[in-house]
4 protein chains.
Amino acid sequence: MDGFKRRSEKKKLDIIQASFLLFMEYGIQKVSISEIAKKAHVSQVTIYNYFENKHNLIYETYKFYIDNEVSDFIKLVKEDIPFPEKIKKLILQSRQASAQIHEEFYQYMIQDYSKEHNYLELSYTEQVLPYFDELIHEGKKNGFIDKQLSNQVIMMYIQMFAEYTKKEEVSMALLPNSEEFSKVFFYGLFGYKDTNKLNL
Amino acid sequence: MDGFKRRSEKKKLDIIQASFLLFMEYGIQKVSISEIAKKAHVSQVTIYNYFENKHNLIYETYKFYIDNEVSDFIKLVKEDIPFPEKIKKLILQSRQASAQIHEEFYQYMIQDYSKEHNYLELSYTEQVLPYFDELIHEGKKNGFIDKQLSNQVIMMYIQMFAEYTKKEEVSMALLPNSEEFSKVFFYGLFGYKDTNKLNL
Amino acid sequence: MDGFKRRSEKKKLDIIQASFLLFMEYGIQKVSISEIAKKAHVSQVTIYNYFENKHNLIYETYKFYIDNEVSDFIKLVKEDIPFPEKIKKLILQSRQASAQIHEEFYQYMIQDYSKEHNYLELSYTEQVLPYFDELIHEGKKNGFIDKQLSNQVIMMYIQMFAEYTKKEEVSMALLPNSEEFSKVFFYGLFGYKDTNKLNL
Amino acid sequence: MDGFKRRSEKKKLDIIQASFLLFMEYGIQKVSISEIAKKAHVSQVTIYNYFENKHNLIYETYKFYIDNEVSDFIKLVKEDIPFPEKIKKLILQSRQASAQIHEEFYQYMIQDYSKEHNYLELSYTEQVLPYFDELIHEGKKNGFIDKQLSNQVIMMYIQMFAEYTKKEEVSMALLPNSEEFSKVFFYGLFGYKDTNKLNL
DNA sequence: AATGAATGAGAATTCATTCAT
DNA sequence: TATGAATGAATTCTCATTCAT
């Protein structure tokens with residue numbers, strides 16, 4: 001990659017990051033190209049040169065966001081900590097500011113461009129799936145997950161928790177109950193009627 | 001209420017319903033006042049006469065939506081069916097088209113007017129809380145819910161399920177797994193190691 | 001027509017006339033909506049309320065122009081003056097400023113929206129045709145036009161002259177030669193080899 | 001001319017031709033520098049290096065177009081075919097696609113830069129004039145043109161025909177009438193009352 | 001000489017809101 | 001009360017032109 005290209009790539013990333021930050025703060029639809037331009041210290045036209053139109057910029061920002069999420073997740077799965085620790089991190093760690101942005105991207109993509117959105121979700125799923133399988137395998141092997149449950153359902157269950165706890169409000173309300181909440185994760189509402197080997 | 005007022009109230013409701021339908025189809029931010037006016041067969045100014053500005057209209061539409069949700073929930077709690085049936089309905093019945101609108105209202109309110117939003121959520125919670133307590137009480141009494149769990153956590157847990165299954169995509173993916181998913185609801189990932197008295 | 005409508009129609013006409021004048025002075029593509037708005041003393045949005053988009057405005061202005069041309073032509077045909085006088089007027093009178101606008105409308109319509117353009121030309125032709133026939137009939141009856149010539153060709157021939165002499169440059173160059181030019185109109189390049197009964 | 005210059009001249013011509021083709025297809029005002037650059041396989045800046053600004057490019061393209069027209073005309077005059085044949089060719093042969101581009105250049109130049117435009121017209125006229133005189137002389141000598149007509153008027157008359165028949169629409173409508181139309185060219189509307197020695 | 005990157009100025013268009021009746 | 005008409009402000013996007021290498 002020559003000097004031109006490298007600089008160019010860097011600028012593209014600058015723009016994406018600026019737009020991501022603004023999207024997080026004000027929501028996607030509220031942010032104008034001119035604001036992004038100002039924040040990224042480029043002219044509006046430069047943005048158009050790189051992304052052609054606003055939709056493309058949003059799309060690429062969404063991709064950027066998802067790529068980050070994915071690599072975070074993979075890193076977590078590979079970490080050398082006990083299974084319940086991993087789950088706790090996955091469920092409780094309201095990852096930085098990412099709070100509500102997920103839903104908004106989701107909404108935006110669904111409404112305007114459902115095809116691309118699906119494509120993205122798909123590729124994301126495919127990337128993530130193997131690691132999810134690995135995680136579930138680990139859980140089953142170590143006796144934390146019922147072996148009779150299908151991976152499909154387990155995955156949805158985990159994702160549900162992860163998504164839910166990312167909401168700002170929720171994470172607030174959870175603060176004093178996080179232990180209990182993790183326990184519910186494993187034992188459901190019915191609870192564990194036996195000796196608690198989990199030590200959550 | 002005299003004839004004037006009644007007619008007036010009817011018109012207000014017409015407008016709210018029109019805006020709600022449009023919000024559901026196109027998302028809140030995409031819908032303009034003029035579109036709402038057209039759909040409700042009134043002039044734009046009439047909308048301003050009733051609601052003063054767009055924000056108020058959205059706010060009232062949100063209230064309208066929440067009131068419906070609440071009364072649905074209360075009706076469900078009062079129904080004379082076994083506890084697990086209630087839960088199933090709550091969790092699996094992807095209530096009509098209401099699908100993603102919830103999240104969008106949520107996003108919108110958080111971003112623009114967090115104070116009012118909180119007020120609304122609060123009053124909503126207060127209205128719903130007693131019935132939730134009743135529901136939880138029923139569950140605990142009949143042995144479906146671990147008595148040691150706090151109502152707070154139980155409520156969040158149930159809401160999490162309810163919200164999650166409302167997403168269009170999710171309900172698609174769930175179709176063949178709904179039984180298993182309900183089971184997870186009660187037993188969590190650890191699963192039930194004993195005889196299954198639930199008969200889900 | 002009530003007061004509202006009348007005022008509204010008047011405003012629409014104001015806008016069309018403003019845009020027509022500007023088109024004539026600067027050419028169609030050079031004129032922006034905001035300039036038209038300024039000249040018509042309305043806001044840009046008012047123009048959009050009436051015409052929806054720039055193309056529609058241009059289209060209606062074109063229609064307005066053509067309607068004027070047509071009624072001018074019809075008036076001329078109905079005038080009570082000798083045939084050669086009518087021709088002279090038709091050919092030589094470089095009608096006010098209308099100079100080059102015709103061609104520009106023509107170009108614009110061809111390039112962007114050939115369908116509508118054709119429709120307009122057609123309706124125009126249909127309106128004008130009967131009067132053209134009348135004019136030609138008059139010419140043939142009085143011995144100014146060769147009876148063997150087809151109306152089609154005669155019409156094109158006359159139009160060709162009319163169009164050509166409308167060009168600013170041409171009318172300049174013609175000034176000292178207009179008599180001769182009218183003569184050519186009747187006798188072509190070959191000239192009249194007999195006594196000149198026309199008295200042009 | 002050394003290699004450098006030759007290559008450079010070639011590139012300049014490439015650009016002019018690209019712009020000419022685009023102008024013909026989309027109209028002058030609709031074509032952007034970047035499109036021309038793409039079509040000519042050069043960078044935008046290269047165009048600026050050669051032509052300084054868009055106006056100059058258009059101007060040179062116009063010159064290029066006119067030069068072609070002129071040399072076509074001169075070739076025609078020099079051809080060894082009977083006079084009426086020459087006229088037919090001049091009048092009826094809707095030269096390739098050049099159709100409406102003439103008018104557009106004309107409009108453009110008039111509106112924006114009437115001075116240069118005049119200069120161009122002038123030089124063009126000067127170049128063409130001698131050959132026009134030759135053509136007219138030939139016509140008069142062979143009895144096809146009335147000797148009393150001024151060259152000025154004859155020239156305008158011929159140009160009028162040539163221009164008119166170049167329009168796409170016109171040439172369509174003319175198809176079945178071309179013979180008759182040529183006849184009108186020579187005899188005007190009054191027609192030839194004697195034996196027809198022209199054999200058109 | 002040639003070009004990828006960048007931009008200021010301005011274009012069409014949309015929208016929430018107000019005016020006047 | 002109800003509404004047709006009108007608008008200021010903002011938004012997306014385009015384009016001729018210049019910068020920097």
Side-chain angles (χ1 to χ4, degrees), chain A residues 2-5 7-12 29-37 40-57, chain B residues 4-5 7-8 11 29-37 41-58, chain C residues 2-5 7-12 15 29-37 40-57, chain D residues 4-5 7-8 11-12 29-37 41-58:
Chain A
D2 60 271
F4 262 136
K5 259 202 177 137
R7 196 144 39 85
S8 169
E9 283 302 313
K10 160 115 176 45
K11 203 155 233 170
K12 201 170 173 180
Q29 316 229 29
K30 288 277 168 54
V31 175
S32 76
I33 293 285
S34 97
E35 285 172 295
I36 296 171
H41 301 294
V42 296
S43 97
Q44 291 195 48
V45 189
T46 298
I47 294 179
Y48 280 90
N49 286 341
Y50 281 113
F51 301 93
E52 209 157 348
N53 53 40
K54 194 184 182 184
H55 165 58
N56 276 200
L57 171 57
Chain B
F4 261 135
K5 259 204 176 139
R7 192 141 42 84
S8 172
K11 206 160 227 172
Q29 317 232 25
K30 290 276 170 56
V31 175
S32 74
I33 292 285
S34 99
E35 283 171 296
I36 297 169
H41 302 295
V42 297
S43 99
Q44 295 193 48
V45 189
T46 300
I47 294 180
Y48 278 87
N49 287 338
Y50 282 114
F51 300 93
E52 203 160 351
N53 54 38
K54 194 185 183 185
H55 164 58
N56 275 200
L57 171 57
I58 294 175
Chain C
D2 60 90
F4 261 137
K5 259 203 177 139
R7 193 141 44 82
S8 170
E9 282 303 311
K10 160 113 177 48
K11 203 155 233 171
K12 199 172 175 180
I15 294 170
Q29 318 231 26
K30 289 278 169 56
V31 175
S32 76
I33 293 285
S34 98
E35 285 171 295
I36 296 170
H41 301 295
V42 296
S43 98
Q44 289 195 49
V45 188
T46 299
I47 294 180
Y48 279 89
N49 286 340
Y50 281 113
F51 302 94
E52 209 158 349
N53 54 39
K54 194 184 183 183
H55 165 58
N56 275 200
L57 171 57
Chain D
F4 262 135
K5 258 203 177 139
R7 194 140 41 86
S8 172
K11 205 160 228 174
K12 201 169 172 181
Q29 317 232 27
K30 291 275 171 57
V31 175
S32 74
I33 293 285
S34 99
E35 284 171 295
I36 296 170
H41 302 293
V42 296
S43 98
Q44 296 192 47
V45 189
T46 300
I47 294 180
Y48 279 86
N49 288 339
Y50 281 113
F51 300 93
E52 203 158 350
N53 54 38
K54 193 185 184 185
H55 164 58
N56 276 201
L57 171 57
I58 294 175

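A, B, ... follow the sequence lines: proteins, then strands. Residue 1 opens every chain.
Taking only side-chain nitrogens and oxygens, B/Thr46 comes nearer than 4.0 Å to OP1 or OP2 of F/dT3. At the phosphate of E/dA5, neither OP1 nor OP2 sits under 4.0 Å from any side-chain N or O atom of A/Lys11. Distances shorter than 4.0 Å separate some side-chain N or O of C/Tyr50 from OP1 or OP2 on F/dA6.
Of the two residues near DNA chain E, A/Gln44 and C/Glu52, the one whose nearest nucleotide lies more 5' is A/Gln44. Of the residues near DNA chain F, C/Val42 and A/Glu35, the one whose nearest nucleotide (by heavy atom distance) lies more toward the 5' end is C/Val42. The 5' end of DNA chain E is approached more closely, in terms of each residue's nearest nucleotide, by A/Val45 than by the other of B/Val45 and A/Val45.
In the set F/dT3, F/dT18, E/dT17, E/dT17 carries the atom at the smallest distance from any side-chain atom of B/Tyr48. The listed nucleotides are F/dA16, E/dT3, F/dC13; the one nearest the side chain of D/Asn49 is E/dT3.
In this structure, the CD atom of A/Gln29 is 19 Å from the P atom of F/dA10, given to the nearest Å. We find that NZ of D/Lys30 is positioned 18 Å from C1' of F/dA16, with the value rounded to whole Å. Atom pair D/Ile47:CD1 and F/dT18:P shows a separation of 14 Å (rounding to whole Å applied). Atom pair A/Asn53:CG and E/dA12:P shows a separation of 20 Å (rounding to whole Å applied). Whole-Å rounding puts the B/Ile58 CD1 to E/dC15 C1' distance at 13 Å. If you take NZ of D/Lys12 and P of E/dA1, they are 13 Å apart, rounded to a whole angstrom. Atom-to-atom, NZ of C/Lys54 to C1' of F/dT14 comes out at 13 Å; the value is rounded to the nearest Å. The separation between C/Ile33 atom CD1 and E/dT13 atom C1' is 9 Å, rounded to whole Å.
Within 4.0 Å (heavy atoms only), D/Ser32 reaches sugar-phosphate atoms of the nucleic acid but no base atom. No contact: C/Phe51 has no heavy atom under 4.0 Å from any strand.
In DNA chain E, stems built from 3 or more consecutive Watson-Crick or G-U wobble pairs, each with both distances under 3.5 Å, span E:2-21 with F:2-21.
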Output a table of donor-acceptor pairs, distance under 3.5 Å, between side-chain atoms of residues 44-52 of chain A and any protein atom two or more places apart or on a different chain; print 'none' if there are none.
unit_1	atom_1	unit_2	atom_2	d
A/Tyr50	OH	A/Ser8	OG	3.3

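To the nearest 0.5 Å, atoms CD (C/Gln29) and NZ (D/Lys30) are separated by 4.5 Å.
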